[in-house]
Every structure is written in structure tokens, then in C-alpha cells.
Trainee: 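One structure, pasted below without further comment.
As the structure is a prediction and not an experimental result, all values here were calculated from the model. Naming convention: chains lettered A, B, ... in sequence-line order (proteins, then strands); numbering from 1 in each chain.
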There are 2 protein chains.
Amino acid sequence: MLPLSQTTGYALRAMRCLQEPGGQPVLVESVADYTGIPRSYLSKLVHKLAKKGLVTARRGHHGGVVLAKPSAEITLEDLSEAIDGVAWRKRCLMGLAGCTEETPCVLHEYWKQTLQEILVRLRSVTLADMARHQDPGVERFRADHGFLATAEAERNHAPV
Amino acid sequence: MLPLSQTTGYALRAMRCLQEPGGQPVLVESVADYTGIPRSYLSKLVHKLAKKGLVTARRGHHGGVVLAKPSAEITLEDLSEAIDGVAWRKRCLMGLAGCTEETPCVLHEYWKQTLQEILVRLRSVTLADMARHQDPGVERFRADHGFLATAEAERNHAPV
DNA sequence: TCGTTAGATTACCGACGGATCCTCATTGAT
DNA sequence: ATCAATGAGGATCCGTCGGTAATCTAACGA
């Protein structure tokens, strides 16, 4: 019932491979090969992210996918929301249809606070935060796809 | 990927209808009628809870279901674990098979702490806590099923 | 012992998410 | 204008989960 499906994990892995807005597009196929995410599935996933305004995809020669906004402005919550939606935030923990703010169930307040804590956590991590970690695999991939100017920027931050 | 499925909600609603250990058994059918949970499905659910040692079920005349331990010792975590298992606690957020304590992924620590926070919350609520709330519906149900001695005990506590 | 009461067990169905394959549509280079 | 590159989209498969129904079996009372 809570968010963060397997597909959200895919989204995380895929987004790490993309360039900042205005950068060079990366092929869905390259990302699929590198991450091991099924190509066709990743294609649909990317489309979903595009509809939510998180990435921009262009078809044809020299097409590919780029971030639609700076990685520092893309949170884990954004991804979760794009993939899994927000329905889970509204569902009653006990599954009672009549549970509302006015007619709360026994666990209403408890659950509301729990969800709030989770949301705060999801908002506290951005793609840029993730890039600050050493990750030889991703750095190799980036080097192969035109990420030549990012290495320095990553050194100016502490780990998440 | 996270726990707390619809079925866990069912378990919560069902357990609230049961007596403390040694008390009078309540019929699966009664609970189903009152909660609206499908009878057959609830039967399987109860069996699962019985295998985990949370309830005791007896067949035949004057059979039914009772809590297997005091409601104050049954946490939301117990229910979640009985129904949804614990696999979700071990899964990597990014879905990386090779992510371990020794070879952690970029989000490993972040996710570990998040899960810890959630677990603490799940452990902080017991069935007894839930009973402390006013709930005319459940109290009516209890009155109809031999819960004559519990009303006083419930008055000695603050809400959750 | 026999029958009734109740939970246990089995088989099965439908919906949904993850996943795959194949084809369509768009873009840019020539 | 044409062709190849590349994302978009439809059809379909598979496994899991919620849900139903029919049957089996243990416990008790008459």
C-alpha cells in the first residue's frame, strides 16, 4: 500500500544517468543497457516521467532523454509521485471508507503523522544529493556519455 | 513495496473485535458481518494470525477466535509482519541486488534510517492503545459478544 | 455414536503491476 | 524526398493479491 515500488527504483537508477537541462541527450537504450532495466519498460517509464515534467525526451536522430530541471530540484518525492501517484497518502490505514478528518478512525492521527514523517524524508533527498556520492560505475557511464564537466562540481559537497 | 497492505487493515479491524486471552471466543462469522470483511478471506487471514501466535482459533461448538496474548503486547508491527512479512525491510530502495552493508548503494544509509523510523512507529502502537479510543461501533459489538468486563479497564488510560 | 457447529483447506477467478515484443510515428541527416 | 535513428504505444504474458465458493475436518452435545 505504501509507495516506492520496484519501478520507482528503476526511475532512480535511470535518472542518475541523465544530464542536467540543456545537456546532451542520453539514449533510452544506453540507460537500459547500463542499468539492466528492460528497454521497453524503461521507455514507458521515461514517458511517464516526461509527462510529469521531470525529463524531456526527443525522438529521431540525436534524440534521447535529458533532465527537464536541475537535479538539485528533483526530489525522491517527485519520482515517487510520478510513478506511484499520491493515492496512498489518502487511504485510511484500516481501510475504512468513511474515515475522514471529520470522522476519523482510531488510528487517523497516528497514521497522518506517520505519513508526514515519511513525506519529509522523501523530500529531503534530491538527485543532486545522490550524485555527490562516489560511484565508479555511474561515473564511468557518464564519462562515456558526455558528462565531462560534472566531476568537479561533485567534489564541492558532503555525502548525503 | 512497503508493508501495510489492505489485508493488514483487515487484520487491524478484526483483531479489535476479539477478547483478551482466556476470554470468550468470537465467531469469524460475527467479525465478518460486523467489519464487512469477506468471510472466507477473513478465515484465511485469521489462520495466518494463528500460525504467527497472535490469535487462537477453536473449531466446533462454542468455537471461535481469541487473542493469544494480551492486547497490550500486540503491536502494529506484529500484524504487519504476520501479514506482509519482512522482505520489504531488506530490499534495496534502488532495487540493486548487490546492495549490502559492505557494498552499499548511494541511498543505503538514508533508506536504512527511513526504515528504522517507520519500524519505531509501527512498534509504538498496540491493540490495547486502539481500544482506549471511543468507538461506539466496536463497543456495541463487544457488548453483544461478552465484552462485559473490559469497559472499566479502558478508562485508566490516555488516548494514543 | 451421530449430527451440528465451526474453523481449515482447496481450487479457482479477476484485477493489477511488472515485463516483453512488435509496430508506429517523429526527427534529423543526406 | 528518403532513410535510418529513436522514442511512443498497443497487445499480450506472467505472477501476485484480493476475493469467492465448495468441501473437509475437528469439537462438542444430545
Side-chain angles (χ1 to χ4, degrees), chain A residues 1-14 17-18 24-33 35-52 54-66 68 80 82-85 87-88 91 94-95 97 145, chain B residues 1-14 17-18 24-33 35-52 54-66 68 80 82-85 87-88 91 94-95 97 145:
Chain A
M1 129 173 216
L2 291 197
L4 303 175
S5 61
Q6 180 171 5
T7 306
T8 308
Y10 285 171
L12 273 168
R13 283 150 68 187
C17 299
L18 303 184
Q24 177 178 331
V26 175
L27 299 189
V28 166
E29 175 137 10
S30 304
V31 175
D33 286 347
T35 59
I37 302 169
R39 245 163 298 216
S40 294
Y41 195 59
L42 178 57
S43 174
K44 289 176 187 166
L45 171 51
V46 163
H47 186 59
K48 245 185 190 174
L49 297 172
K51 279 192 295 187
K52 288 288 181 175
L54 298 178
V55 304
T56 307
R58 209 167 50 225
R59 302 202 260 199
H61 271 221
H62 301 113
V65 187
V66 197
S80 159
I83 306 299
D84 298 309
W88 59 277
R91 232 186 120 273
M94 305 182 76
H145 292 82
Chain B
M1 124 171 221
L2 291 196
L4 303 174
S5 60
Q6 178 171 6
T7 307
T8 307
Y10 284 172
L12 273 168
R13 284 151 68 187
C17 300
L18 303 184
Q24 177 178 331
V26 175
L27 299 188
V28 167
E29 175 137 10
S30 303
V31 175
D33 286 347
T35 59
I37 303 169
R39 245 161 297 210
S40 293
Y41 195 58
L42 178 58
S43 176
K44 290 179 192 171
L45 170 52
V46 162
H47 186 59
K48 244 185 190 175
L49 297 172
K51 279 193 294 185
K52 288 287 181 174
L54 298 178
V55 303
T56 307
R58 209 168 51 226
R59 302 201 259 198
H61 271 219
H62 302 114
V65 187
V66 197
S80 159
I83 306 299
D84 298 310
W88 59 276
R91 233 187 119 274
M94 306 184 74
H145 292 82

Trainee: Give the minimum heavy-atom separation between Val66(B) and Leu18(B), together with the two atoms involved.
Mentor: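 In this case the closest contact between Val66(B) and Leu18(B) is C-CD1, 4.5 Å.
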Trainee: How close or far is atom P of dT20(C) from atom CD of Gln6(A), stated in whole angstroms?
Mentor: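 The answer, rounded to whole Å, is 10 Å.
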Trainee: Can you tell me the distance, in whole Å, between the OH atom of Tyr41(B) and the P atom of dC13(C)?
Mentor: 18 Å
Trainee: Minimum heavy-atom separation for Ala68(A) and Thr56(A), please, with both atom names.
Mentor: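 Nearest heavy atoms, Ala68(A) then Thr56(A): CB-OG1, 3.6 Å.
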Trainee: How far apart are the closest heavy atoms of Ala11(A) and Leu45(A), and which atoms are they?
Mentor: N-CD2, 3.8 Å
Trainee: Spell out protein contact along nucleotides 5-11 of chain C as letters: B when the base is contacted, S when just the sugar-phosphate is, - when no protein heavy atom is under 4.0 Å; keep the 5' to 3' order.
Mentor: BBBBSBB
Trainee: Rounded to whole Å, how long is the line connecting atom CZ of Arg91(B) with atom C1' of dG18(C)?
Mentor: 12 Å
Trainee: Got a second to check how far Thr35(B)'s OG1 is from Leu12(B)'s CG, nearest 0.5 Å?
Mentor: 12.0 Å
Trainee: Determine whether the side chains of Ser43(B) and Ser40(B) contain a donor N or O and an acceptor N or O closer than 3.5 Å.
Mentor: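 Ser43(B) vs Ser40(B): no donor-acceptor pair found between side chains.
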Trainee: Just wondering, do Gln24(A) and His145(A) contact through their side chains at under 4.5 Å, heavy atoms?
Mentor: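 Counting from C-beta outward, His145(A) and Gln24(A) never come under 4.5 Å.
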Trainee: Considering non-hydrogen atoms only, spot the tightest contact between Ser5(B) and Ile83(B) and give its length.
Mentor: OG-CG2, 4.0 Å
Trainee: First and last nucleotide of DNA chain D touching chain A, 5' to 3', heavy-atom cut-off 4.0 Å?
Mentor: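 So the outermost contacting nucleotides come out as dA4(D) to dA11(D).
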Trainee: Ala32(A) and Leu42(A): which non-hydrogen atoms are nearest, and at how many Å?
Mentor: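 That would be N-CD2, 3.6 Å.
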